[in-house]
There are 2 protein chains.
Amino acid sequence: MTDAPPLLDSVELGAYFALIEVAGLLRHQVEQQLNDVGGLSYVQFQLLARLALDSPTGSGRMTDLADGVVYSRSGLTYQAGLLEKAKLVTRGQAADDDRGVTLTVTGAGRALIAKVLPGHVEVIKDLLLQPLTRKQIESLFAVLEPVRQHMRAAPPRSAERRRRRSNSAT
Amino acid sequence: MTDAPPLLDSVELGAYFALIEVAGLLRHQVEQQLNDVGGLSYVQFQLLARLALDSPTGSGRMTDLADGVVYSRSGLTYQAGLLEKAKLVTRGQAADDDRGVTLTVTGAGRALIAKVLPGHVEVIKDLLLQPLTRKQIESLFAVLEPVRQHMRAAPPRSAERRRRRSNSAT
DNA sequence: TATTGTTATACTCTATAACTATA
DNA sequence: TATAGTTATAGAGTATAACAATA
């Protein structure tokens with residue numbers, strides 16, 4: 001057993017650690033702002049924002065929302081339940097698939113996002129963007145975007161989703 | 001009340017979202033590997049790794065460890081307790097300050113880090129580094145490093161630490 | 001038979017506030 | 001009086017597995 005050769009050089013290590021730390025601190029600060037101003041967790045904000053900002057209809061299917069926001073199905077159900085209880089979304093049958101559930105932002109949901117967004121943006125500017133030049137911001141995006149694509153292509157959650165289904169040893 | 005003008009353009013938004021998503025997915029995968037192979041949470045791994053890899057003595061002061069790893073004091077005490085119970089670290093008096101507590105990695109702790117590290121590195125390579133050129137990795141580091149410095153300069157946790165102490169209205 | 005979503009449950013982590021001891 | 005660390009406690013979030021209903 002020779003000792004581990006496949007380590008990382010200092011730049012790779014630095015990029016990795018910086019990524020984790022920066023994202024962690026940023027998320028922590030953002031979470032605090034969201035909670036203070038709107039009583040929202042980050043996941044809840046993401047769900048609401050997706051519906052209110054990304055979807056033209058203000059609606060979305062559970063399964064689609066799960067991807068990229070939440071790691072387990074039950075987790076999404078839990079969060080959707082909280083949002084529904086708070087009257088920020090409604091739950092309804094999906095149009096085409098009778099098993100499906102569709103989440104829709106309410107007016108209150110949109111209002112809350114609008115209320116929370118300015119401070120949210122402020123935190124991002126102050127913490128993440130402020131020390132960077134325009135070029136650096138562009139560079140950050142240019143580098144992270146392919147990584148995101150790559151991660152989505154080999155989906156971590158989807159793998160979990162179907163994990164050990166067709167178990168032949170039954 | 002005119003509606004929110006101080007929003008972000010698409011590059012800024014893209015950089016922010018990509019950062020959060022990439023770091024989140026990466027951390028999730030890494031966490032799974034650490035847990036599967038070594039029964040460690042990410043925070044526990046970070047603490048152990050700091051002691052085993054960064055410190056020449058294998059020791060560290062609680063307060064110093066808290067910075068950048070854990071968000072609250074009690075959180076660190078909790079994690080230190082777990083690590084101690086698992087015989088991965090020992091707790092002792094700090095040399096100079098009688099209030100201080102020093103954490104020291106044990107042999108078992110070092111062994112566990114060594115056991116876990118190759119797979120850890122593998123995940124980082126596969127998920128984060130693989131789709132990037134060397135230049136991009138360097139660029140990622142070059143951009144994130146000043147952000148990290150900036151975030152540390154306006155410390156979120158330290159602010160919490162001394163929050164409303166010297167209250168003049170006493 | 002596979003997929004969508006829910007439920008029950010257990011567990012991990014985090015934060016707050018009160019407290020002790022040392023500087 | 002301020003700081004280092006611990007404790008008790010409460011709460012939020014997540015994952016697992018079993019389940020019902022539809023494709």
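The sequence lines fix the lettering, A, B, ..., with proteins before strands; numbering per chain opens at 1. Note that the structure is a prediction, hence the values are computed from the model and not measured.
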**Asked** For A:Arg91 and C:dG5, is the shortest distance between a side-chain N/O and OP1 or OP2 below 4.0 Å?
**Response** no
Rounded to the nearest 0.5 Å, the OG atom of B:Ser55 sits from the CG atom of B:Asp64 at a distance of 10.0 Å
Rounded to whole Å, CD of B:Gln29 lies from C1' of D:dT14 at a distance of 15 Å
Between CD of B:Gln93 and P of C:dT22 the distance, given in whole Å, is 8 Å
A:Gln46 atom CD is separated from D:dT14 atom C1', nearest whole Å, by 15 Å
task = Give a yes/no answer on whether the side chain of A:Arg73 brings an N or O atom under 4.0 Å of OP1 or OP2 in D:dT16.
result = no
The residue, A:Leu40 or B:Thr102, whose nearest nucleotide of DNA chain D is more 5′ is B:Thr102
DNA chain D nearest-nucleotide lookup for B:Tyr78 and A:Asp98: closer to the 5′ end is B:Tyr78
To the nearest angstrom, the CG-P distance between A:Asp97 and C:dA2 comes to 17 Å
| task | Ignoring backbone atoms, test whether A:Ser41 places a side-chain nitrogen or oxygen under 4.0 Å from the OP1 or OP2 oxygen of D:dG13. | result | yes
* Can a salt bridge be assigned to the pair B:Lys125 and A:Glu12 using a cut-off of 4.0 Å between side-chain N and carboxylate O? -> no
When you measure only distances, ignoring hydrogens and angles, does the side chain of A:Ser74 come within 3.5 Å of the base of D:dT16 through a donor and an acceptor? yes
B:Glu31 CD to C:dT14 C1', in whole Å, measures 14 Å
**Message:** Determine whether a donor-acceptor pair (N or O, by modelled atom type, separation under 3.5 Å) exists between the side chain of A:Gln44 and the backbone of A:Ser41.
**Reply:** yes
Between A:Gln79 and D:dT14, is there a contact of a side-chain N or O with OP1 or OP2 at under 4.0 Å? yes
Discussion item. Base, sugar-phosphate or nothing for A:Gly100? Non-hydrogen atoms, less than 4.0 Å.
Written reply: sugar-phosphate
Ranking D:dA8, D:dA4, D:dA15 by distance to the side chain of B:Arg61, first place goes to D:dA4
Atom CG of B:Asp96 and atom P of D:dA4 are separated, to the nearest Å, by 12 Å
Closest to the side chain of B:Leu82, out of C:dC13, D:dG5, C:dT6, is C:dC13
query = Reckon A:Arg99 has a side-chain N or O less than 4.0 Å from the OP1 or OP2 of C:dT6?
reply = no
Here the side-chain hydrogen bond (donor to acceptor under 3.5 Å, both in side chains) pairs for residues 107-121 of chain A, sequence neighbours left out, are A:His120-B:Tyr16
By side-chain contact (heavy atoms from CB on, under 4.5 Å), B:Thr104 pairs with (sequence neighbours left out) B:Ser59, B:Thr90, B:Thr102
| task | Could you check whether B:Leu103 gets within reach of a base, just the sugar-phosphate, or nothing at all, counting any heavy atom under 4.0 Å? | result | nothing
Under 3.5 Å, is there a donor on one side chain and an acceptor on the other for A:Glu145 and A:Gln149? yes
To the nearest angstrom, the NE2-P distance between A:His28 and C:dC13 comes to 16 Å
Of C:dT14, C:dG5, D:dT6, the nucleotide closest to the side chain of A:Met62 is C:dG5
Taken to the nearest whole Å, CG/A:Leu76 to P/D:dG13 is 13 Å
